[in-house]
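Working notes, beginning with the structure itself.
Numbers restart at 1 for each chain; the letters A, B, ... are given by sequence-line order, proteins then strands.
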Amino acid sequence: MLIPWFDAHARDLPWRRPDTTPWGVLVSEFMLQQTPVGRVAPVWAEWLARWPTPSAMAAAPQADVLRAWGKLGYPRRALRLHAAATEIATAHGDRVPSELDELLALPGVGAYTARAVLAFGYHRRAAVVDTNVRRVIARAVHGAGDAGPARTSADLADAERLLPDGPQSRAARYSAALMELGAVLCTASRPRCAGCPVHADCAWVGAGRPEYTGPARPTQRYAGTDRQVRGRLLDVLRGAPGPVPRSALDAAWSDAAQRDRCLLSLLDDGLVEQLDGTSFALPGERGTEART
DNA sequence: TAAACGTGGCG
DNA sequence: TCGCCAAGTTT
């Protein structure tokens, strides 16, 4: 019932097209780590057109990759994807690995992304546990109002137990369907149980849809945080055609102590390079003259 | 294990 | 307006 529903209602996302390569899937999964589908789609298309293979991306300077990443957020992901591309190009013959342990060894690839590549890139039997699947399992299997704190190995075991027997491609499709269910129907707020293909078997519905009772997720602020300051600084570098003088970065945030601390952390993360005493640039940037 | 890590849309 | 939330990973 879940797969037929998916057959009929799956969103037409660009990375789901049949001609998408495992590399295309890997790129999409990096971008989708904490960034909504709607913002990823246009950027993903540009990336695949520009860098259709891992080696193509590996050949690009990090600065180009960071600019192309734009405002997707968490730019360390762009650096890790570039590093993964380099490793795939040099150590895997330019082919995205199709073994779980090899995928997990790539920078920026964790339990979710590795299995997503197996399922969506290679149509292999793999349980994917993301925020959507965690919520669906919490409700449909355990009758809870929502997923509480991470229970990583238990969720993975639950998800694996749900996978249908038979061809691996069918289990892979089931994984996609489970995610889709959480993304479009079994949503965090106001789930649309009417029209849910597993409504009749849902433990949460069976229990009368009880409220979530677990601990509240810690609310994370953004305004005034180092994350915002780092974002501002990086935005200056992305927007400039080349290296910028320190004064350009100084203008991005008034609190000098916080600004300096954040610049140091960006340098430490490899997201920014210092070219000389007074000029800064995205890593791998060509050109040496600072512009005002 | 908890905290850090960007950004923007929506109710 | 503002809190919530979005296909996580790393340290």
Side-chain angles (χ1 to χ4, degrees), chain A residues 6 10-11 13-16 20 24-44 66 69-81 83-84 103-121 126-137 146-153 155-156 159 172 175-184 186-191 212 215-238 252-253 261-262 265-266 268-272:
Chain A
F6 187 60
R11 291 168 295 174
L13 303 176
W15 45 87
R16 282 181 178 165
T20 301
V25 170
L26 182 66
V27 172
S28 77
E29 295 302 340
F30 265 84
M31 292 182 169
L32 288 163
Q33 290 169 3
Q34 299 284 279
T35 300
V37 163
R39 265 196 282 158
V40 165
V43 182
W44 180 85
L66 285 169
W69 189 259
K71 308 201 81 168
L72 288 181
Y74 294 144
R76 289 192 290 198
R77 290 181 292 164
L79 247 33
R80 290 180 182 142
L81 177 52
L103 286 162
L104 289 171
L106 296 172
V109 175
Y112 164 77
T113 301
R115 289 171 176 81
V117 169
L118 291 180
F120 312 143
V128 297
V129 179
D130 72 331
T131 187
N132 293 303
V133 171
R134 291 202 331 113
R135 185 171 53 249
V136 170
I137 286 175
D146 211 334
R151 42 192 288 283
T152 312
S153 56
D155 280 331
L156 183 58
S175 288
L178 208 54
M179 284 181 61
E180 188 77 349
L181 184 67
V184 307
C186 196
T187 49
S189 62
R190 293 162 101 21
Y212 171 71
R217 185 184 304 183
T219 168
Q220 68 168 0
R221 314 196 178 303
Y222 181 61
T225 61
D226 284 4
R227 291 226 299 291
Q228 182 183 26
V229 178
R230 286 165 53 103
R232 288 278 186 85
L233 294 173
L234 216 45
D235 198 42
V236 171
L237 277 313
R238 275 197 308 261
W253 195 257
R261 167 158 45 86
C262 289
S265 75
L266 288 170
D268 192 52
D269 289 343
L271 284 162
V272 176

Hey, does A:Arg115 reach any base, or is it just sugar-phosphate, or nothing, if we go heavy atoms under 4.0 Å? nothing
For a quick check of understanding: with a heavy-atom distance under 4.0 Å over all strands, which category does A:Pro218 fall into, base, sugar-phosphate or nothing? nothing
A:Arg135 side chain to A:Ala183 main-chain N or O, any donor-acceptor pair under 3.5 Å? no
Selected nucleotide, minimal atom distance to A:Arg80 side chain, candidates B:dG6, C:dT10, C:dA6: C:dT10
Does A:Ala188 reach a base, just sugar-phosphate, or nothing at all? Heavy atoms under 4.0 Å. sugar-phosphate
Side chain A:Thr131 and base C:dG8 donor-acceptor under 3.5 Å: no
So what does A:Leu234 hit on the nucleic acid, given a heavy-atom distance under 4.0 Å: a base, only sugar-phosphate, or nothing? nothing
Give one of base, sugar-phosphate or nothing for A:Val128, where a contact means two heavy atoms less than 4.0 Å apart. nothing
Would you mind classifying the nucleic acid contact of A:Trp69 as base, sugar-phosphate or nothing, using non-hydrogen atoms under 4.0 angstrom? nothing
Need to verify one output field. Residue with the more 5' nearest nucleotide on DNA chain B, A:Arg190 or A:Lys71? A:Lys71
Between A:Thr219 and A:Gln33, name the one whose nearest nucleotide on DNA chain C is closer to the 5' end. A:Thr219
Please confirm whether the shortest side-chain N or O distance from A:Arg77 to OP1 or OP2 of B:dT7 is below 4.0 Å. no
Mind checking if A:Ala111 touches a base, just sugar-phosphate, or nothing, with heavy atoms under 4.0 Å? sugar-phosphate
On DNA chain C, check which nucleotide each of A:Thr113 and A:Arg39 is closest to and give me the residue with the more 5' one. A:Arg39
Nearest-nucleotide pick for A:Tyr222, side chain only, options being C:dT9, B:dT7, C:dA7: B:dT7
Does A:Arg134 reach a base, just sugar-phosphate, or nothing at all? Heavy atoms under 4.0 Å. nothing
Any donor-acceptor N/O pair, A:Trp69 side chain to A:Arg76 backbone, under 3.5 Å: no
Across the strands shown, which category fits A:Leu271 at heavy-atom distances under 4.0 angstrom: base, sugar-phosphate, nothing? nothing
Is it true that A:Arg238 and A:Asp235 have a side-chain N and a carboxylate O under 4.0 angstrom from each other? yes
Please evaluate the base of B:dT7 for a donor-acceptor partner in the side chain of A:Arg227 within a cut-off of under 3.5 Å? no
